[in-house]
Each structure stands twice: as C-alpha cells, then as structure tokens.
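Every number for a ligand or one of its atoms is a count from 1 in the order of the listing.
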Amino acid sequence: MSRGSWMAPLALLAALVSGSLAADLAGRYVSLGKCPDITNKADFDAVPYLGRWYEQERYDSDFQIGMDCVNAIYSDMGNGYVEVHNTARTSEGDFAEAIGEAHVVEPGVLLVQFGGYPAEYHVLATDYENYSSVYNCFEEGEYRWQYAWLLTRAQFPSADLLATARQAFADNGIDLDSFHVTYQGDDCPYLP
Ligand SMILES: *[C@@H]1O[C@H](CO)[C@@H](O)[C@H](O)[C@H]1NC(C)=O
C-alpha cells in the first residue's frame with residue numbers, strides 16, 4: 001500500500017451521500033444523524049504521547065477495512081510536528097503502512113495529514129502511559145462519518161483498562177455498539 005492511500009477515500013465520501021451505498025453503510029461508521037457534542041482533552045501534551053500505540057478497537061472505516069495488527073508510532077519531527085507511522089496487516093496477509101504528519105491545532109485536537117488529505121484527530125482522553133480514546137466525526141448533509149480508535153500502550157491490555165478507555169467514548173455520547181475489535185498477536189508484522 002502506498003503512502004497516503006489510507007486517507008484518499010475521504011475525498012470520495014461526499015459522492016456516497018445520495019447513493020445506495022450510504023444506506024448500506026448506515027449503522028456502521030456512516031449513519032444518519034448529527035455528530036455528538038464532544039469534549040477534547042484540554043491539557044493534551046503531545047510529548048508524553050509519542051511512541052508506540054496498539055489499536056484495540058475502532059469503527060471499521062473505509063480506509064481500514066479488513067486490517068488487523070494496527071500499530072501507530074508517533075515520533076517528534078521537531079518544529080512542532082509529529083510523524084505518524086501506521087502499520088497493519090491486510091486481509092490478504094500483507095504488510096501495509098502509511099506515513100503522515102500531525103500537529104496540534106487546538107487543545108486536544110491534532111490535524112493529521114496523509115498525502116495531503118487532512119483529518120482531525122480528537123483526543124477525548126488519555127493518561128499517556130496506558131490508553132488513548134481518539135475520535136473524529138464530520139457531517140455531510142443528513143449523514144455523519146464517525147472515526148474512533150481505542151489505543152493502548154500494551155499489546156494485550158487488561159479488561160479494566162479497556163473499560164476505562166471505552167468509558168471516555170460513552171461519556172461523549174459515542175455509540176460503542178459498532179466498534180470493531182482489532183486483532184493483535186505475536187504473529188503481527190510490527191515494526192521493531
Ligand atoms: C497505567 O496503568 C498502571 C497499571 O494499572 C498504573 O499503575 C499507572 O498509574 C497508570 N498510569 C497512569 C498515568 O495513570
């Protein structure tokens with residue numbers, strides 16, 4: 001998978017709104033309705049946030065369908081930017097990666113760009129050492145597109161930790177029913 005291709009489908013989303021595909025997707029990450037009124041982590045600090053995160057749950061959005069073993073490595077690029085290096089295993093078993101960059105645009109909100117496609121990344125809650133609850137939502141007509149990522153530092157987090165991270169979504173009125181569990185395991189193609 002080439003750089004940037006994970007985010008490229010965002011450009012096509014507007015075309016779906018009036019089509020039958022939107023109806024097929026309703027109930028998943030695209031659904032009828034408004035975005036919830038969320039509260040971002042106001043004192044978010046990117047420095048202790050750097051390093052490796054394992055994706056444990058997500059909305060299975062267009063650019064991640066079938067991907068497991070999802071890993072994100074955030075590194076300081078200097079000048080206030082963070083390199084975002086995502087890796088995953090595709091449904092065909094291939095290694096996939098995407099490299100982008102991010103910077104904080106308002107408290108608790110990063111703007112992440114892959115190949116020129118910007119997307120917001122709202123940190124609802126994180127303790128930096130164990131979990132992060134990340135969300136984005138935008139509206140197009142009557143539909144909303146929701147993205148959620150439950151990230152942990154541990155490859156195999158405890159049930160208590162997952163419950164803490166999930167609570168941050170619930171507290172913001174985000175429906176967890178459509179969350180997809182991301183497989184992580186020692187057979188995953190993680191970067192060293
Ligand atoms: C992370 O989890 C560990 C184990 O439960 C706990 O001891 C530690 O205090 C947590 N870190 C933070 C910043 O809450």
Practice task
Give the minimum heavy-atom separation between Leu50 and Ser75, together with the two atoms involved.
Solution key: CD2-C, 3.9 Å

Exercise for the section: Scan the protein's non-hydrogen atoms and note whether one is under 4.0 Å from atom 7 (O) of ligand 1. Expected result: no

Exercise for the section: Using protein heavy atoms only, decide if any is under 4.0 Å from atom 14 (O) of ligand 1. Expected result: yes

Completion exercise
Pro157 and Thr152 have their tightest heavy-atom pair at CG-OG1, 3.8 Å

Handout entry: N-O pairing of Glu57 and Arg166 below 4.0 Å
Key = yes

Completion exercise
Minimal heavy-atom distance between Leu32 and Arg144, with the atoms involved, is O-NE, 4.0 Å

Problem - For the student: nearest non-hydrogen atoms of Ser133 and Ala165, plus distance - result: OG-O, 2.8 Å

Handout entry: Protein contact to atom 9 (O) of ligand 1 [nearest heavy atom, distance to 0.1 Å]
Key = Glu129 OE1, 4.5 Å

Practice task
Mark whether atom 4 (C) of ligand 1 lies under 4.0 angstrom from at least one protein heavy atom.
Solution key: no

Fill in the blank from the handout: Heavy-atom proximity to atom 11 (N) of ligand 1, picking from Asn130, Thr164, Leu161, points to Asn130

